[in-house]
Amino acid sequence: YQRSFEVPGEMGERVRLAPRHVKQRARWWVNGTEVGDSEYAYVPYSFDISDVVRRGERNEVLVAVMDWVECARPDLQAHLATTHPGDRGGVEGRPFIKPCGGEVLPAGIIESVWVYGHGDVWASDVAVVTSTREMTVTVRGVVHNDSAPPKQCTVGNAVFDGAEQAPALPEWTGEVPAGQSRRFEVSARWDRPRLWWPDDPHLYRLQTDVQVGGAVADSLSTRFGFREFRAEGEVFTLNEVPMHLFASSSWPNTVPMGWPGRVSDRWHDTRVLFESLREAGHDIFRAHTEPWSDLLADLCDEIGLMLVTEGVMSSIPGKYDWSHPELMPNLAEFFRLWPGREMNHPALVIRSIENEVGYLLQERIMGDQETIARVRDGFIECGHIVRAADPSRPIMYHGSGPAFYQVADIYNNHYPGDEYRWAWYPNASWWPGREMDIYFTPDWMWDRRKPLYMGEWGWFPGGQDQFAAWMG
């Protein structure tokens, strides 16, 4: 990819290049100098390009995006680059040691790449967490100091409802050491906010200003909604109201805006499609197999469709090298970065760590019990990583059954026994009250200690551009 851009002289002391969503790996050059490497797909990065940009002139950015081959073991990449898998099942062997998604072929820049300016002191990772139980709003983030001396700075946060300012938050003041960063967090009580509901998806705007010596060094705008989603006992609650969810799901290649190059030109089609889900009575949509475009979360925020986002797809194409020592550390690093791309979407209520690795925990697939234990424990650790990064949302493992119930906030099963799977609908719909076979756990019974989310049960096959919607 190649693009030219101009940096105004008044843009700020520092200039950053910020790619948000590239599949797979990408290397970045500005005016012939390499400025960064975004190693993992789907997650945001930013690079300081202050020393290589020319203010008031045209600048050139070059991007080398590497496709699915980048996810393979280094010793296999040269050979795999000469192959063409045709579809997700056509990849030779099990070469992957990095997250690759459910489909392997699409690659490219999926979301906008930004160039923006700020002062030597600047903010990032601003997250807004709201609680209807405590009636509080909390803002947390990171302040960076790129200058040589330490800087005393003030972070101010103001909430706006249209043009009107909502209750103010306290300021945060602190010294940031030279070349280092500090986290900040402030909270305030908010007695009568307008809540975000599926039928009334109201959105606010947070204005965050970082000041040094009374001058604004950086300013960020963040859209959010006031809501709280919980998994408690046997039920889900939204804003303290119990809910039974009627869900749908899809692979991204069946939705117009899912893949690279189909975001801006198919936006209207995608909006009509997801509005039809709401009109059909669906409460929640699972973005299956991998993180989708952040624009989908924006859309769901606006139309009131709750969203499940998913980290990795374990079972299809099923090409991970489970025995490789770098696989689980790579997944752990991805899961550390993943929550930061979509923290402030009220529609996003559940994080699915992965899909169906529980089915793969057997010797004929993973080779030996040592590998099985390492993969299981590694995915458990990934769940803890995601929860630590985003404690405001419950997590689940989609279709992986009891292997991960100790860490998951939600029970999630797929296909509870063949007798319920095909022709008995609707007579077989009361399986939650009966024993069911879940992968290698026969006669599993829902104990109602956690909510049960039936992630995949039956489907209605559609055409190339239609939903294959799972009922859950």
Visitor: How would you list, by chain and number, every residue that makes a side chain to side chain contact (heavy atoms under 4.5 Å, CB included) with L327, sequence neighbours excluded?
Guide: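 Expected list: Y320, W322, L331.
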Visitor: Of the non-hydrogen atoms in P99 and C71, which two are nearest, and what is the gap between them?
Guide: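 Nearest heavy atoms, P99 then C71: O-SG, 3.4 Å.
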Visitor: Between L295 and L299, is there a side-chain heavy-atom distance shorter than 4.5 Å?
Guide: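 A side-chain contact is absent here, since even the closest heavy-atom pair is not under 4.5 Å.
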Visitor: Sequence neighbours left out, what passes ring pair (Phe, Tyr, Trp, His ring centres under 6.0 Å) with Y405? Give chain and number order.
Guide: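 If we apply the ring pair (Phe, Tyr, Trp, His ring centres under 6.0 Å) test to Y405, skipping adjacent residues, the hits are Y411, W444.
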Visitor: List the residues meeting side chain to side chain donor-acceptor pair (under 3.5 Å) with S315, not counting sequence neighbours, and say none if there are none.
Guide: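 Partners of S315 under the side chain to side chain donor-acceptor pair (under 3.5 Å) test: N355, E356.
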Visitor: Using the rule side-chain hydrogen bond (donor to acceptor under 3.5 Å, both in side chains), only one of R286, E342, R351, R341 pairs with T309; which is it?
Guide: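 Only one option passes, and that is E342.
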Visitor: Does Y42 form a side-chain hydrogen bond (donor to acceptor under 3.5 Å, both in side chains) with E290? I'd like the steps, not just the answer.
Guide: CA-CA 8 Å; Y42 318 110; E290 61 193 78; 3.1 Å; yes
Visitor: Is it true that the NZ or CZ of K98 lies under 6.0 Å from the centre of Y40's six-membered ring and within 45 degrees of the ring axis?
Guide: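 Here K98 passes the 6.0 Å and 45° test against Y40.
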Visitor: Can you run down the salt bridge (charged side-chain N to carboxylate O under 4.0 Å, His left out) pairs that involve residues 272-283, sequence neighbours left out, and say none if there aren't any?
Guide: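 Every salt bridge (charged side-chain N to carboxylate O under 4.0 Å, His left out) pair that includes a residue of residues 272-283, provided the two are not neighbours, is D199-R278, R271-E275.
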Visitor: Would you give me the side-chain donor-acceptor pairs under 3.5 Å for residues 122-129, sequence neighbours excluded?
Guide:
residue, atom, partner, partner atom, Å
W122, NE1, D146, OD2, 2.8
S124, OG, H144, NE2, 2.6

Visitor: Distance-only, no hydrogens or angles: does the N239 side chain make a donor-acceptor pair with backbone N or O of V241 under 3.5 Å?
Guide: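 Not a single qualifying donor-acceptor pair exists.
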Visitor: For L238 and W197, run side chain to side chain contact (heavy atoms under 4.5 Å, CB included): C-alpha distance rounded to whole Å, both residues' side-chain angles, the deciding distance at 0.1 Å, then the answer.
Guide: CA-CA 8 Å; L238 177 64; W197 294 99; 3.9 Å; yes
Visitor: Do S187 side-chain atoms and T138 backbone N/O form a donor-acceptor pair below 3.5 Å?
Guide: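 Looks like no, no N/O pair under 3.5 Å.
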Visitor: How long is the gap from CD on Q406 to CZ on F404, to the nearest 0.5 Å?
Guide: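 The distance works out to 9.0 Å.
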Visitor: List for me each residue that meets ring pair (Phe, Tyr, Trp, His ring centres under 6.0 Å) alongside F379, sequence neighbours excluded, and say none if there are none.
Guide: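 Ring pair (Phe, Tyr, Trp, His ring centres under 6.0 Å) check on F379 returns nothing, list empty.
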Visitor: Would you say N145's side chain and V121's backbone share a donor-acceptor pair under 3.5 angstrom?
Guide: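 Pair absent, no side-chain N/O of N145 close to backbone of V121.
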Visitor: Quick check against the 3.5 Å criterion: does T132 have a side-chain atom that pairs as donor or acceptor with the backbone of M135?
Guide: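 Checking the backbone N and O of M135 against the side chain of T132, no donor-acceptor pair under 3.5 Å is found.
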Visitor: If only atom types and distance count, is the side chain of D218 paired as donor or acceptor with the main-chain N or O of V210 below 3.5 Å?
Guide: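 Answer holds: no.
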Visitor: Could you tell me whether a side-chain N or O of T208 sits under 3.5 Å from a main-chain N or O of S219, the two making a donor and an acceptor?
Guide: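 Answer holds: no.
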Visitor: State which residues pass side chain to side chain donor-acceptor pair (under 3.5 Å) with W68; sequence neighbours excluded, sorted by chain then number.
Guide: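 Residues passing side chain to side chain donor-acceptor pair (under 3.5 Å) with W68: none at all.
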Visitor: Is there a donor-acceptor contact under 3.5 Å from the side chain of E228 to the main chain of R133?
Guide: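 The answer is yes, because a donor-acceptor pair under 3.5 Å joins these two groups.
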Visitor: Any chance you could lay out the side chain to side chain contact (heavy atoms under 4.5 Å, CB included) test for L348 and R393, step after step, and finish with the verdict?
Guide: CA-CA 8 Å; L348 174 54; R393 293 176 172 92; 3.5 Å; yes
Visitor: Less than 4.0 angstrom from a charged side-chain N to a carboxylate O is my criterion; do E234 and K450 meet it?
Guide: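 Here E234 does not pair with K450 in a salt bridge, since their nearest N and O are not under 4.0 Å apart.
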Visitor: Walk me through whether K319 and V104 qualify under side chain to side chain contact (heavy atoms under 4.5 Å, CB included).
Guide: CA-CA 10 Å; K319 300 295 185 175; V104 299; over 6 Å; no
Visitor: Distance from H384 atom NE2 to I395 atom CD1, nearest 0.5 Å?
Guide: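 Here the interatomic distance stands at 7.5 Å.
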Visitor: Can you check whether V407's main-chain N or O pairs, donor with acceptor, with R387's side chain at less than 3.5 Å?
Guide: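 Checked: pair present.
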Visitor: Mind checking side chain to side chain donor-acceptor pair (under 3.5 Å) for W196 and listing every partner two or more places apart, or none if nothing turns up?
Guide: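 In terms of side chain to side chain donor-acceptor pair (under 3.5 Å), with neighbours along the sequence ignored, W196 is linked to no residue.
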Visitor: Donor-acceptor pair, N330 side chain versus E326 backbone, under 3.5 Å?
Guide: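 Answer holds: yes.
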Visitor: Do the side chains of I410 and F236 get nearer than 4.5 Å, heavy atoms only?
Guide: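 The answer is yes, as the side chains (C-beta and beyond) meet within the 4.5 Å cut-off.
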Visitor: If we only count heavy atoms from C-beta on, is the L245 to M306 side-chain gap below 4.5 Å?
Guide: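 They are in side-chain contact.
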Visitor: In Å and rounded to the nearest 0.5 Å, what is the CD to CG distance from Q207 to D209?
Guide: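 Q207 CD to D209 CG: 5.0 Å, rounded to 0.5 Å.
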Visitor: Please enumerate all residues that pass side chain to side chain contact (heavy atoms under 4.5 Å, CB included) together with R192, with sequence neighbours excluded.
Guide: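 Side chain to side chain contact (heavy atoms under 4.5 Å, CB included) check on R192 returns nothing, list empty.
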Visitor: Is H21 close to D294 at the side-chain level, that is, under 4.5 Å between some pair of heavy atoms?
Guide: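 D294 does not reach H21 side chain to side chain.
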Visitor: Are N413 and L452 side-chain neighbours, meaning at least one heavy-atom pair lies under 4.5 Å?
Guide: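 Heavy-atom side-chain distance check passes, below 4.5 Å.
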Visitor: A287: which residues meet the side chain to side chain contact (heavy atoms under 4.5 Å, CB included) condition with it, sequence neighbours left out?
Guide: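 Only F285, W292, L296, L307 meet the side chain to side chain contact (heavy atoms under 4.5 Å, CB included) criterion with A287.
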Visitor: Find the distance between CG (L17) and OH (Y45) and round it off to the nearest 0.5 Å.
Guide: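 Answer for the CG-OH pair, L17 versus Y45, is 13.5 Å.
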Visitor: Do E354 and Y397 have side-chain atoms, one donor and one acceptor, less than 3.5 Å apart?
Guide: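 No, because no side-chain N or O of E354 sits under 3.5 Å from a partner of the opposite role on Y397.
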Visitor: When you compare the side chain of R27 with that of M66, does any pair of heavy atoms fall below 4.5 Å?
Guide: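 Yes, at least one pair of side-chain atoms sits under 4.5 Å.
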Visitor: With sequence neighbours excluded, tell me which residues meet ring pair (Phe, Tyr, Trp, His ring centres under 6.0 Å) with Y204.
Guide: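 With sequence neighbours excluded, Y204 shows a ring pair (Phe, Tyr, Trp, His ring centres under 6.0 Å) to W190, H202, F224, given in chain and number order.
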Visitor: Tell me whether R230 is salt-bridged to D409, with the criterion being a basic N under 4.0 Å from an acidic carboxylate O.
Guide: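 D409 and R230: not salt-bridged.
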Visitor: Any salt bridge between E240 and R227, counting N to O under 4.0 Å?
Guide: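 Salt bridge: no.
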Visitor: Is the distance between the ring centroids of Y453 and H398 less than 6.0 Å?
Guide: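 Yes.
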Visitor: For side chain to side chain contact (heavy atoms under 4.5 Å, CB included), just list the numbers for L206 and L220, CA-CA rounded to whole Å, side-chain angles, deciding distance to a tenth of an Å, and then say yes or no.
Guide: CA-CA 8 Å; L206 174 75; L220 299 176; over 6 Å; no
Visitor: Taking R25 for its side chain and A41 for its backbone only, find out whether a donor-acceptor pair lies under 3.5 Å.
Guide: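 Absent.
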Visitor: D37 versus W28: any side-chain heavy-atom pair under 4.5 Å?
Guide: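 D37 does not reach W28 side chain to side chain.
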Visitor: Within 45 degrees of the axis of the six-membered ring of F160 and under 6.0 Å from its centre: does R205 put its NZ or CZ there?
Guide: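 Here R205 passes the 6.0 Å and 45° test against F160.
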Visitor: I need the E333 CD to I385 CD1 distance, nearest 0.5 Å.
Guide: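 Output value for this atom pair is 8.5 Å.
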Visitor: Roughly how far, to the nearest 0.5 Å, is the OG1 atom of T289 from the CD atom of E310?
Guide: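 One gets 7.0 Å once the value is rounded to the nearest 0.5 Å.
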Visitor: Side chains of N344 and T222: do they bring a donor and an acceptor to under 3.5 Å?
Guide: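 No - no donor-acceptor pair under 3.5 Å links their side chains.
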Visitor: Decide yes or no for I353 and F335: does some side-chain heavy atom of the first lie under 4.5 Å from some side-chain heavy atom of the second?
Guide: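 A side-chain contact under 4.5 Å exists here.
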Visitor: Not counting sequence neighbours, which residues clear ring pair (Phe, Tyr, Trp, His ring centres under 6.0 Å) with F96? List them please.
Guide: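 Listed in chain order: nothing, the list is empty.
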